[in-house]
Amino acid sequence: MRPSQAHATRVQGSGNQTYILGHGLGGTQAHWEVVAEHLQQRARVITFDLAGSGACDPSVYSPIRHASILGFADDLAQICTDLEVRGATFIGHSMSGMAGALAAAADPGLFSKLVMVGSSARYLDDPATGYIGGFSRVGLDEMLASIEADFMMWSAGFAPYVMGHAERPELANEFTQSLRQYPPDVAYTILNAAFSSDFRSYMPLVLPPTLVLQGTDDPAVPLVAAMWLADAIPHGELELLDIVGHFPHVVDPESVIAAMEPFLERAPG
């Protein structure tokens, strides 16, 4: 099976520009629906499901390859090769944002621009360097233990915590169901891959112009971690979104579109 088929890839719209949209951990490509509909009015838009998520073929997931975000970066590069896409703009949420950055670091010509929404180079605090990622080692270990003990109960609490917007419970409920598509062992591996990762040393190798979009009240990524990321990428810039939660493109896609547009319209370089 071709990589694009295995990842349930959708290609919509047409034009000289191509945008590739990657969803975050536990989500599906449907999270980008409103943004994709907007972009496809003037460009080709590609969406796909990550390994272990959505409609992605189960055979794609590997407990070895996907124990690191590098495995997801490799999947992304394979999709681009399969579709003969180079020089596209990649827009990735959370873990996919980092996967896009890693793919760009490995192959500088793969993308012309990057947009990283709610992404982090390291989620764990690093007292030795003073880096603040937002999670302690003890806190992460407790979270992983909760996943192992009762994944269904953990997901019921995690989804509303990261989604926010208690006045719109349907958003958290939808994410809860999406998360629960993971078998517990897959969830443990992928969550550990994301939250235990440290890709700070790779960020100086990310050469495309990069927009770091960050909500001002994100329970998964503190503002200082987003600031660090934008500073570490050679052509990085930070744009703040006055949005609560870790899913700004889901809860307020219009604001995300408005924040991205000036960057997307700017000529690369």
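Note that this is a predicted model, so its numbers are computed, not measured.
- Ring-plane geometry between F175 and F158 is classed as tilted, the angle between the planes lying from 30 to 60 degrees on a 0 to 90 degree scale.
- Both Y188 and Y161 are part of a single hydrophobic cluster, where members link through side-chain heavy atoms under 4.5 Å apart.
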Subject >> Derivation and outcome, side-chain hydrogen bond (donor to acceptor under 3.5 Å, both in side chains), residues D74 and Q78 >> reply: CA-CA 6 Å; D74 184 55; Q78 289 184 32; 2.9 Å; yes
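- In this structure Q17 satisfies the side-chain hydrogen bond (donor to acceptor under 3.5 Å, both in side chains) test together with Y19, sequence neighbours excluded.
- The backbone N or O of A99 lies less than 3.5 Å from no partner atom in the side chain of S96, so there is not a single donor-acceptor pair.
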**OP:** For the pair E261 and R42, evaluate salt bridge (Lys or Arg N to Asp or Glu O under 4.0 Å) and give the outcome as yes or no after the intermediate values.
**Re:** CA-CA 12 Å; E261 283 290 7; R42 65 169 188 265; 3.0 Å; yes
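- F48 and H23 have tilted rings, their planes meeting at an angle from 30° to 60° on a 0 to 90° scale.
- Linking Ile, Leu, Val, Met, Phe, Trp and Tyr whenever their side-chain heavy atoms come within less than 4.5 Å puts L124 and M143 in one cluster.
- Counting heavy-atom neighbours within 6.0 Å of Q40 CD, excluding the residue itself, gives a total above 12.
- Remark: the backbone N or O of P248 is not paired with any side-chain donor or acceptor of D252 at under 3.5 angstrom.
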Original post:
What's the verdict on side-chain contact (heavy atoms from CB on, under 4.5 Å) for D75 and L50, showing C-alpha distance, side-chain angles and the deciding distance?
Top reply: CA-CA 8 Å; D75 290 344; L50 297 178; over 6 Å; no
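- Considering L213, I233, L238, L211 in turn, I233 is the only one that fulfils the side-chain contact (heavy atoms from CB on, under 4.5 Å) rule with M116.
- Using a distance-only test at 3.5 Å, with no hydrogens or angles considered, no donor-acceptor pair links the side chain of S197 to the main chain of F195.
- Sorted by first and then second residue, the pairs that involve residues 226-237 and meet side chain to side chain donor-acceptor pair (under 3.5 Å), not counting sequence neighbours, are E237-R266.
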**OP:** Could you give me the CA-CA distance, side-chain angles and deciding distance for M1 and D57, then say whether side-chain contact (heavy atoms from CB on, under 4.5 Å) is met?
**Re:** CA-CA 9 Å; M1 185 182 297; D57 191 280; 3.5 Å; yes
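- Annotation: side chain to side chain donor-acceptor pair (under 3.5 Å) contacts involving residues 148-160, sequence neighbours excluded, comprise S155-R180.
- In this structure, OG in S94 is found 8.0 Å from CG in D218, a value given to the nearest 0.5 Å.
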Subject >> S14 vs R44, side-chain hydrogen bond (donor to acceptor under 3.5 Å, both in side chains): CA-CA, chis, key distance, verdict >> reply: CA-CA 4 Å; S14 62; R44 183 168 62 152; over 6 Å; no
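- For the side-chain contact (heavy atoms from CB on, under 4.5 Å) test, residues two or more places apart in sequence or in another chain that qualify with D107 are R86, L110.
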Subject >> Candidate pair D82 and S4, rule side-chain hydrogen bond (donor to acceptor under 3.5 Å, both in side chains), full reasoning >> reply: CA-CA 7 Å; D82 184 30; S4 58; 2.5 Å; yes
**OP:** Output, in order, the C-alpha distance, side-chain angles, deciding distance and verdict of side-chain contact (heavy atoms from CB on, under 4.5 Å) for L21 and I46.
**Re:** CA-CA 6 Å; L21 280 58; I46 298 170; over 6 Å; no
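- Qualifying side-chain hydrogen bond (donor to acceptor under 3.5 Å, both in side chains) partners for N192, counting only residues two or more places apart in sequence or in other chains: S196.
- Each ring pair (Phe, Tyr, Trp, His ring centres under 6.0 Å) pair with one or both residues in residues 75-108, not counting sequence neighbours, appears once here: F90-F111, H93-H246, H93-F247, H93-H249.
- Clustering ILVMFWY residues whenever any of their side-chain heavy atoms sit less than 4.5 angstrom apart, transitively, puts V244 in a cluster other than the one holding L241.
- Shown are T89, I91, L76; of these, the side-chain contact (heavy atoms from CB on, under 4.5 Å) with I20 is made only by L76.
- Counting non-hydrogen atoms of other residues, nucleotides and ligands closer than 6.0 Å to CD of E84 gives a total of 12 or fewer.
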